[in-house]
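Note that the coordinates shown come from a computational prediction; the quantities given were computed from them, not determined experimentally. Order of appearance sets the numbers: ligands from 1, and atoms from 1 within every ligand.
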Amino acid sequence: MKYLKRIYLPLLSIAGLTILFILSNELPFSGLFKKEKPNLSILGSLPLVIPTIKYGFAIDTFSMAENTVKNGDVIGNILNDNGVDAQIIHNIMNDNQHIFKPSNFRVGERYTLFKSLDGKELEYLVYEPNVYHYFIFNFIDSIGIKKIERPVTKKIKTTSGTIESSIWNAMAQQGSSPELIAKLEDALQWSIDFYHLQRGEKFKIVYESHNIEGKEIGAGLVLAAKYEMEKNTINAIYYSKPAFKGYYDLEGRPLNKGFLRSPLRFSRISSYFNTSRLHPILRRVRPHFGTDYAAPHGTPIMSVGNGVVLEARYSGGNGNYVKIKHDKLHTTQYLHMSRIGPGIRSGAQVQQGQTIGYVGSTGLATGPHVCFRFWKNGKQVNHLKLSFPPPEPLPKEEIPSFNKEKEGIIALLN
Ligand SMILES: [Zn+2]
């Protein structure tokens with residue numbers, strides 16, 4: 001039986017795949033992971049039995065059991081419990097460390113046991129840690145572990161919607177993943193304050209969708225985005241050349257404004273810049289020279305621009321704080337951190353968006369938040385009211401190439 005299976009499995013698989021290919025008119029490997037049996041009636045009089053294929057195996061020729069890794073499960077014990085000889089377990093794990101480590105076997109992930117039809121002998125174990133690849137442990141043909149990568153195809157897709165309450169709700173309603181929502185935010189972060197969107201505003205996104213077996217499993221680049229407000233429309237076109245990389249408006253001006261609008265990705269403003277605020281702890285009027293962003297303890301705090309760290313330390317009122325000089329004119333400060341980020345010390349270079357610390361309530365603070373302060377020309381200012389001169393567009397000689405790329409994508413955006 002073993003011998004027959006070994007010989008006929010590939011033949012059966014090929015026959016099965018060919019027919020699935022004809023049925024589905026898709027790529028041949030699309031049959032590999034189909035669980036359902038194809039509808040035999042539409043095959044007419046073909047005298048063939050189509051095997052159901054999983055991980056490349058004709059499952060009818062096995063006694064198969066699907067499982068989920070539970071707390072305390074160890075790959076060695078599972079193999080042992082299923083009758084694999086201890087010496088074989090030792091050898092297979094030892095010889096294949098470069099492919100699979102026991103620590104790769106994680107709680108909650110799927111594995112499938114393929115046993116001989118009489119259920120006595122474990123022939124294969126397939127472990128599937130994610131949709132991108134799986135491991136085949138082979139105990140029958142040639143003892144070993146193989147990693148199989150599933151081919152990912154990229155498709156250009158669009159999604160659009162209208163704001164009812166938030167961009168997250170609007171996009172989730174269209175079936176967008178949190179990953180795609182975060183990428184849209186990255187593209188538009190310099191132009192749009194995602195916490196103050198208005199009902200009725202419209203968005204459209206052109207993005208690369210990553211697919212396995214015709215199913216979207218992730219989002220790649222956001223290639224273009226459009227956000228329509230009552231008074232103006234923001235367009236973002238992704239342009240990537242060795243010397244230029246990022247999002248540009250239709251005229252080829254970078255959307256990157258030099259400073260992010262907020263030092264936190266997800267937050268709400270709990271207190272605005274106010275020169276006559278009643279201090280919540282001191283209970284007297286004391287100007288508030290910053291903007292407070294409330295967020296859960298431990299939320300990463302980003303530097304709003306490139307720069308050099310001036311101070312990264314603790315003081316009584318500020319708690320753990322970081323102060324960054326961005327250029328001759330602009331300096332920012334971030335207070336009340338639970339802790340300062342790794343490598344953030346006086347003199348360190350930081351990039352825009354880099355994590356410099358984590359939200360906390362050290363110093364004079366009532367709850368977890370970051371007090372964000374902005375100096376322009378040595379004077380503390382309300383950064384929400386600052387307007388910066390529009391950045392320089394791409395150089396003239398770059399515009400034809402930019403326009404060419406833009407024309408290709410703009411049709412999808414409109
Ligand atoms: Zn504050």
Point to revise | Partner set under ring-ring contact (aromatic ring centres under 6.0 Å, His included) for Phe137, not counting sequence neighbours | key: Phe100
Review point. N/O/S atom of His288 under 2.8 Å from the Zn ion (ligand 1), yes or no?
Key: yes
Practice item. Quick one: report the N, O or S atom of Asp292 that is nearest to the Zn ion (ligand 1). Key: OD1
Check your understanding: Got a sec: does the CZ of Arg345 have more than 12 other heavy atoms crowding it under 6.0 Å?
Key -> no
Point to revise | For Phe139, ring-ring contact (aromatic ring centres under 6.0 Å, His included) partners two or more places apart | key: none
Review point. Do Lys328 and Asn377 have side-chain atoms, one donor and one acceptor, less than 3.5 Å apart?
Key: no
Check your understanding: Do you see an N/O/S atom of Cys371, backbone or side chain, under 2.8 Å from the Zn ion (ligand 1)?
Key -> yes
